[in-house]
Amino acid sequence: MKRSTVKELLAFTEINSDVLLKGWVRTRRGNNQVAFIAINDGTIIHSIQVVADLQSFPEELMKRVTTGSSISVTGKLVESMGKGQNVEIQAAEIRILGDSDPEVYPLQKKGHSFEFLRENAHLRFRTNTFGAVFRIRHALAYAIHKYYNDRGFYCLHTPIITASDAEGAGAMFKVTTFDLDGIPRNKEGDVDFTEDFFGRPTNLTVSGQLEGELGALALSSIYTFGPTFRAENSNTPRHVAEFWMIEPEMAFCDITDNMDLAEDFLKYLIRYTLDHCQDDLEFLNKMVDKGLLERLRFVMEHPFERKTYSEAVEILMKADRKFEFQVEWGLDLQAEHERYLVEQHFKRPVILTDYPREIKAFYMKQNDDGKTVRAMDVLFPLIGEIIGGSQREEELDKLQNRMREMKIPEDELWWYLETRKFGTVEHSGFGLGFERLIMFITGMSNIRDVIPFPRTPKSAEF
RNA sequence: UCCUCAGUAGCUCAGUUGGUUAGAGCGGCGGACUGUUAAUCCGUAGGUCGUAGGUUCAAGUCCUACCUGGGGAGCCA
């Protein structure tokens, strides 16, 4: 007989048919006559109840049906006599696939703290919460590819190992094949990278944007979706050293088109999850974050507030509230300022544009006022900045001037500059942190709980 | 990296002004129970009190350092 998944069985309408089920035991209840075994196989958040008449099964077998064990059951799918489920399986045969010693199996029937489950990341997929989170993570990954594919974007795989460290997006992990006990040195005593694998210093990427621009300036619209690495010693619930990022980049596209895309994209992803992950979202709404569904619907149904940095600074200076950090034109906004704008003042997502050039990256399009650049940050409730992007500077001389001012080595980025030399066009793009998106959509408050195996300072188990 | 809180049974925690043999609930194990839903009831085992020093007649409790974790901040996605 072909195995049916729990998802299939719960949707199956042919009562009294014979079925084969395989899965992991979540709980076992019962009395001296009958055992109720909840089986979950991860295909859906719900478990299915297997009913075993104890007279029909040897005691030695039933003793091995413990929380965490894997079993195979054949039997009839029947209407449940009890409350709490519509259907259940009346077991005819039970086989143990894998034992699970209840003395040492870490997961109990009862709920665990997220901290404890993080230390058991290899097993936490077997819990309702993490099953839901990682099914949603998959759905979002798929929806992202679908969204861009349906709109004529091409997925571009930008390199994970990069020779350039000019992007200025934080500390990088070095990539080397040197024996660390005997690193080659030149006559001056410096590390001799000509001896290293690539013949030059290399790092793990902090962004695929610069390479993404090269693709967009030929294919019109591209997006990257890959791992990204930051060696910053950040210890917060919103940072990991290895995370996934989506970076669309569009030629013939200005900052307004860019904002339109960002807003439409985020709303599409929320709608996709609401449409395809109802059970998981309902569980999370009930157990993790009671305001989740309401917040998702609200964000989906209301236009994002669009304001310039300068307007935001004015609002903050007039705010009837004391901030720990002062507000002044030219200073970057602090987390408390962003949260005030999103959660108190506008009470909806906010897109801020036209930031002071001094606090933004070299490649951003310079405005005519000589003071601001066409940057754009999308700010969300609870998690803050979810998207950062800009229109890019496509004029060669302006770009070169800015690079000199900011001491970005032009020779290292000669290939980037050539796109401005040969057929340059207006273009824009942004970066979306995949895990931050998942946090927002699942209501999980720690980024370590939305990536299967988080990498953080002093932590790379599993 | 800075600030702050925490680390006691498998899990979640309590533990008084420092004072005898360190407690509970849940989970595990044994038993009872004819349909359970985090089942219920009875019984039972289980501890190097994060690590290393120090103060004291006496430290889970006070002090110092370190480690690990949570929250806040910075950096950012």
Side-chain angles (χ1 to χ4, degrees), chain A residues 26-38 46-55 63 66-68 78-85 88 90 100-120 128 167-171 205-209 224 226-247 287 323-325 332-336 338-339 359-361 377-380 383-389 430-440 445-451 456-459 461:
Chain A
R26 277 292 176 80
T27 70
R28 168 157 173 212
R29 298 175 292 269
N31 51 43
N32 58 351
Q33 300 286 314
V34 62
F36 302 96
I37 308 159
H46 307 297
S47 297
I48 193 164
Q49 176 161 284
V50 169
V51 184
D53 186 349
L54 291 183
Q55 288 179 328
K63 265 192 168 174
T66 59
T67 301
V78 297
E79 282 181 42
S80 178
M81 288 162 63
K83 289 171 187 169
Q85 59 280 319
E88 62 195 17
Q90 190 67 50
S100 174
D101 183 350
E103 294 270 9
V104 290
Y105 184 62
L107 303 183
Q108 306 171 1
K109 302 175 183 185
K110 221 183 153 181
H112 293 288
S113 67
F114 291 149
E115 288 84 0
F116 173 76
L117 291 171
R118 227 168 272 152
E119 291 169 10
N120 291 277
N128 286 334
E167 292 149 38
T205 183
V206 292
S207 164
Q209 181 202 315
T224 73
T228 311
F229 306 88
R230 302 281 165 88
E232 295 287 353
N233 189 12
S234 296
N235 294 287
T236 86
R238 295 178 305 282
H239 292 85
V240 275
E242 176 185 284
F243 62 101
W244 288 65
M245 191 152 66
I246 300 100
E247 296 179 288
M287 303 301 288
F323 295 110
E324 193 183 336
F325 292 87
D332 207 354
L333 300 181
Q334 301 294 315
E336 57 171 343
E338 296 179 345
R339 292 191 68 155
I359 59 173
K360 289 293 181 182
D377 282 1
V378 181
L379 310 177
F380 260 33
I383 54 171
E385 184 183 338
I386 192 168
I387 276 179
F430 61 79
L432 168 68
F434 189 42
E435 283 75 19
R436 292 204 179 157
L437 171 77
I438 301 168
M439 287 171 75
F440 181 76
S445 54
N446 192 312
I447 198 167
R448 300 172 182 106
D449 297 329
V450 299
I451 187 167
T456 54
K458 303 274 181 279
S459 174
E461 192 71 52

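The figures here come from the full heavy-atom set of this structure, side chains too, leaving out hydrogens, waters and symmetry mates. Chain letters run A, B, ... following the sequence lines, proteins first and then strands; every chain starts at 1.
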Under 4.5 Å between any side-chain heavy atoms of A:Glu242 and A:Val240, yes or no?
no
To the side chain of A:Phe36, which of B:C75, B:U37, B:G35 is closest?
B:G35
Euclidean distance, atom CD1 of residue A:Ile359 to atom C1' of B:C76 [Å, nearest integer]
13 Å
Report the nucleotide, chosen from B:C11, B:C75, B:G74, that has the shortest atom-to-atom distance to any side-chain atom of A:Phe325.
B:G74
Tell me whether the side-chain N/O atoms of A:Asn233 come closer than 4.0 Å to OP1 or OP2 in B:U1.
yes
With the side chain defined as heavy atoms from C-beta on, A:Arg436 is closest, among B:U37, B:A77, B:C33, to B:A77
Spacing between A:Phe323 atom CZ and B:G74 atom P, to the nearest angstrom
13 Å
What does A:Val240 touch in the nucleic acid at a heavy-atom separation under 4.0 angstrom: a base, only the sugar-phosphate, or nothing?
base
Identify the nucleotide, in any strand shown, that forms a Watson-Crick or G-U wobble pair with B:U55, with both distances under 3.5 Å; if there is none, say none.
none
Pick the C1' atom in B:C11 and in B:G47, then give their distance to the nearest Å.
14 Å
Please give the distance between the C1' atoms of B:G23 and B:G71 as a whole number of Å.
29 Å
From CD of A:Gln33 over to P of B:C33, roughly how many Å is that when rounded to an integer?
9 Å
Shortest non-hydrogen contact from A:Trp244 toward A:Glu435:
N-OE1, 3.0 Å
Touch class at under 4.0 angstrom, heavy-atom based, for A:Met245 against every strand present:
sugar-phosphate
A:Phe116 side chain: which of B:U37, B:U12, B:U36 is closest?
B:U12
Which atom pair, heavy atoms only, marks the closest approach of A:Glu247 to A:Ser207?
OE2-OG, 2.9 Å
Pairing residues for A:Asp53 by the side chain to side chain contact (heavy atoms under 4.5 Å, CB included) criterion, not counting sequence neighbours
A:Gln55, A:Ser56
Nucleotide nearest A:Gln108 (side chain, heavy atoms from C-beta), chosen from B:A73, B:G71, B:C11
B:C11
Is the base of B:G27 touched by the side chain of A:Glu103 through a donor-acceptor pair closer than 3.5 angstrom?
no
How far does the P atom of B:C49 sit from the matching atom of B:G7, given to the nearest Å?
14 Å
Is the closest side-chain heavy-atom distance between A:Glu324 and A:Glu336 below 4.5 Å?
yes
Could you check which of B:A73, B:G69, B:G35 has an atom nearest any side-chain atom of A:Asn235?
B:A73
I want to check one thing: is the phosphate of B:G70, taken as OP1 and OP2, less than 4.0 Å away from some side-chain N or O of A:Arg118?
yes
For A:Pro237, which contact category applies under a 4.0 Å heavy-atom criterion: base, sugar-phosphate, or nothing?
sugar-phosphate
Does A:Ser234 get its side chain close enough to the base of B:C75, under 3.5 Å, for a donor-acceptor pair?
yes
Sugar-phosphate, base or nothing in reach of A:Ser80, heavy atoms under 4.0 Å:
base
Between C1' of B:U36 and NZ of A:Lys109, the distance in whole Å:
10 Å
Judged by each residue's nearest nucleotide on RNA chain B, which is more toward the 5′ side, A:Lys63 or A:Ser459?
A:Lys63
Are the side chain of A:Asn120 and the backbone of A:Phe116 linked by a donor-acceptor contact shorter than 3.5 Å?
yes
Tell me whether the OP1 or OP2 atom of B:G70 has a side-chain N or O from A:Arg448 closer than 4.0 Å.
yes
Could you identify the nucleotide paired to B:G46, looking across every strand shown and requiring Watson-Crick or G-U wobble geometry with both distances under 3.5 Å?
none
If you look at every strand shown and take non-hydrogen atoms under 4.0 Å, does A:Gln334 touch a base, only sugar-phosphate, or nothing?
sugar-phosphate
Atom pair CZ (A:Arg448) and CD (A:Glu115), whose distance is rounded to the nearest 0.5 Å:
9.5 Å
Any strand, both distances under 3.5 Å, Watson-Crick or G-U wobble: B:G69 pairs with B:C5
Separation of the C1' atoms in B:A22 and B:U48, to the nearest angstrom
14 Å
Between B:U34 and B:U44, how far is it from one P atom to the other, in whole Å?
24 Å
At 4.0 Å (heavy atoms only), tell me whether A:Glu435 reaches a base, stays on the sugar-phosphate, or touches nothing.
nothing
For a quick check of understanding: with a heavy-atom distance under 4.0 Å over all strands, which category does A:His239 fall into, base, sugar-phosphate or nothing?
base
With the side chain counted from C-beta on, respond yes when A:Leu333 and A:Glu385 share a heavy-atom pair under 4.5 Å apart, and no when they do not.
no
What one should report as the nearest heavy-atom pair of A:Glu88 and A:Ser80 is OE1-OG, 2.8 Å
What nucleic acid atoms does A:Ile447 come within less than 4.0 Å of, heavy atoms only: base, sugar-phosphate, or nothing?
base
Taking OP1 and OP2 of B:A39, is either one under 4.0 Å from a side-chain nitrogen or oxygen of A:Arg29?
yes
Pairwise C1' distance for B:U37 and B:G30, with rounding to whole Å:
24 Å
Can you tell me how far C1' in B:A58 sits from the matching atom in B:A6, rounded to whole Å?
26 Å
Mind checking if A:Ala335 touches a base, just sugar-phosphate, or nothing, with heavy atoms under 4.0 Å?
sugar-phosphate
Need one value for A:Glu247: base, sugar-phosphate or nothing, where a base atom within 4.0 Å counts as base even if backbone is also close, heavy atoms only.
nothing
Using a heavy-atom cut-off of under 4.0 Å over every strand shown, decide if A:Ile383 touches base, sugar-phosphate, or nothing.
nothing
Rounded interatomic separation in angstrom, taking CZ from A:Phe434 and C1' from B:C76
19 Å
N/O (side chain, A:Asn446) to phosphate O (OP1/OP2, B:G71) under 4.0 Å:
yes
Which part of the nucleic acid, if any, lies within reach of A:Thr236 when heavy atoms closer than 4.0 Å are counted: base, sugar-phosphate only, or nothing?
base
Measure from CZ on A:Phe243 to P on B:C76 and round the result to the nearest Å.
12 Å
Measure the distance from CG on A:Asn32 to P on B:U34 and round it to the nearest whole Å.
5 Å
Taking the same atom, C1', in B:C29 and in B:C67, what whole-Å distance lies between them?
35 Å
Whole angstrom is fine here: how far is it from NZ in A:Lys458 over to C1' in B:G50?
18 Å
